Number of protein chains: 2
Amino acid sequence: MVGRGFVDARGDAGQICGMSIAIDVVGGKWKMHLMWVLAEGPVRFGQIRRKLDGVSEKVLAENLRQLEASGVVHRELYAEVPPRVEYSLTPLGVELNKALAPLEIWGDQNRDALASRPGISAS
Amino acid sequence: MVGRGFVDARGDAGQICGMSIAIDVVGGKWKMHLMWVLAEGPVRFGQIRRKLDGVSEKVLAENLRQLEASGVVHRELYAEVPPRVEYSLTPLGVELNKALAPLEIWGDQNRDALASRPGISAS
DNA sequence: GGGGCTACTTACCAAGAGGTTCGAAATATG
DNA sequence: CATATTTCGAACCTCTTGGTAAGTAGCCCC
């Protein structure tokens with residue numbers, strides 16, 4: 001997990017930065033994108049996998065479980081055959097998504113300025 | 001870097017998610033905190049290191065260079081002995097920080113709800 | 001009976017992010 | 001002369017993250 005180990009990062013007030021917590025939740029390669037896909041409503045595992053071209057099933061399942069454990073994603077298992085699982089955002093997840101939006105907008109607006117920079121995949 | 005490899009993550013519109021770009025810039029263990037520290041004004045290397053208790057000098061220098069390469073941080077070297085280097089935010093960096101704020105607030109507001117969750121360091 | 005469907009799980013592997021240690025470079029101080 | 005200061009660069013190691021490939025579990029269809 002990306003945000004792990006931020007334990008000692010404190011601001012001037014002496015309390016742990018809220019950012020650390022956010023990164024603990026959505027840090028990693030796919031979690032933010034996952035939140036974005038989930039925002040559209042209940043989605044099935046296979047649907048997500050097709051939307052996020054490039055994720056391996058292992059990592060997708062892992063990340064979904066972690067988001068569920070963090071309380072931002074709800075997992076609903078239907079005991080059918082073949083099995084069906086639907087993922088959706090919890091109220092907390094919806095709030096998180098709202099907080100994520102400005103970052104999305106910033107990246108979008110400065111896409112051109114950043115595209116030429118090294119290490120940025122804005123092709 | 002955390003956000004690397006988001007190349008194939010596209011939304012319904014078919015364009016690359018602005019989030020990918022943002023993560024390319026501030027992904028990683030320390031970059032977001034770095035931005036937070038830099039927000040207070042020009043800071044010297046040693047000052048940052050003392051604020052972010054736990055960073056190794058190598059990683060701090062690395063991250064600062066990467067933020068500089070991304071255009072969100074300005075690095076001013078004074079040719080003195082011993083050398084003095086001051087870091088500050090560029091206008092782009094200031095904008096990024098604004099976009100980062102809601103995430104910080106979200107983490108802060110839901111600190112208690114998230115503290116009990118596994119893998120979250122909100123002690 | 002073989003193959004497909006879904007949503008995983010397990011084992012293994014590679015890449016890279018981060019940490020540790022050492023040293024450079026020039027000057028001031030004891 | 002030895003030491004301290006400050007900001008790193010280089011070498012080396014470790015641990016985590018993510019990717020690959022295979023297998024699992026029932027039921028359906030041909």
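We name chains A, B, ... by the order of the sequence lines, and we start the count at 1 in each one. These numbers come from the heavy atoms of this one structure, side chains and all, not from hydrogens, waters or symmetry mates. Just so it is clear, the structure is predicted and the values come from calculations on it, not from any experiment.
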Please state how far atom [atom1] in [X] lies from atom [atom2] in [N], giving the value in whole angstrom units.
X	N	atom1	atom2	answer
Leu60(B)	dG9(D)	CG	C1'	14 Å
Glu80(A)	dG26(D)	CD	C1'	13 Å
Gln66(A)	dT16(D)	CD	P	13 Å
Asp24(B)	dG16(C)	CG	P	14 Å
Asp53(A)	dG18(D)	CG	C1'	16 Å
Lys29(A)	dT16(D)	NZ	P	19 Å

Self-check item: side chain to side chain contact (heavy atoms under 4.5 Å, CB included) partners of Gln109(B), counting only residues at least two apart
Solution: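 Expected list: Ile105(B).
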
Quiz item: Can you list every pair that meets salt bridge (Lys or Arg N to Asp or Glu O under 4.0 Å) and has a residue in residues 68-87 of chain B, with sequence neighbours left out?
Solution: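 Pairs touching residues 68-87 of chain B that pass the test: Glu80(B)-Arg84(B), Arg84(B)-Glu86(B).
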
Quiz item: Along nucleotides 4-11 of chain C, 5' to 3', which nucleotides get a B, which get an S, and which get a -, given that the test is a protein heavy-atom distance under 4.0 Å?
Solution: -BBSBBBB

Quiz item: How would you list, by chain and number, every residue that makes a side chain to side chain donor-acceptor pair (under 3.5 Å) with Lys58(B), sequence neighbours excluded?
Solution: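 None.
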
Quiz item: Partners of Glu57(B) by side chain to side chain donor-acceptor pair (under 3.5 Å), sequence neighbours excluded?
Solution: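 By the side chain to side chain donor-acceptor pair (under 3.5 Å) rule, Glu57(B) matches Arg49(B).
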
Can you give me every donor-acceptor pair (side chain of residues 93-102 of chain B, partner residue at least two apart or in another chain, under 3.5 Å) with its distance?
residue  : atom : partner  : partner atom : Å
Glu95(B) : OE2  : Lys98(B) : NZ           : 3.2
Asn97(B) : ND2  : Met35(B) : O            : 3.2

Exercise. Quick one: do Tyr87(B) and His74(B) satisfy side chain to side chain contact (heavy atoms under 4.5 Å, CB included)? Show the steps, please.
Key: CA-CA 6 Å; Tyr87(B) 295 92; His74(B) 172 71; over 6 Å; no

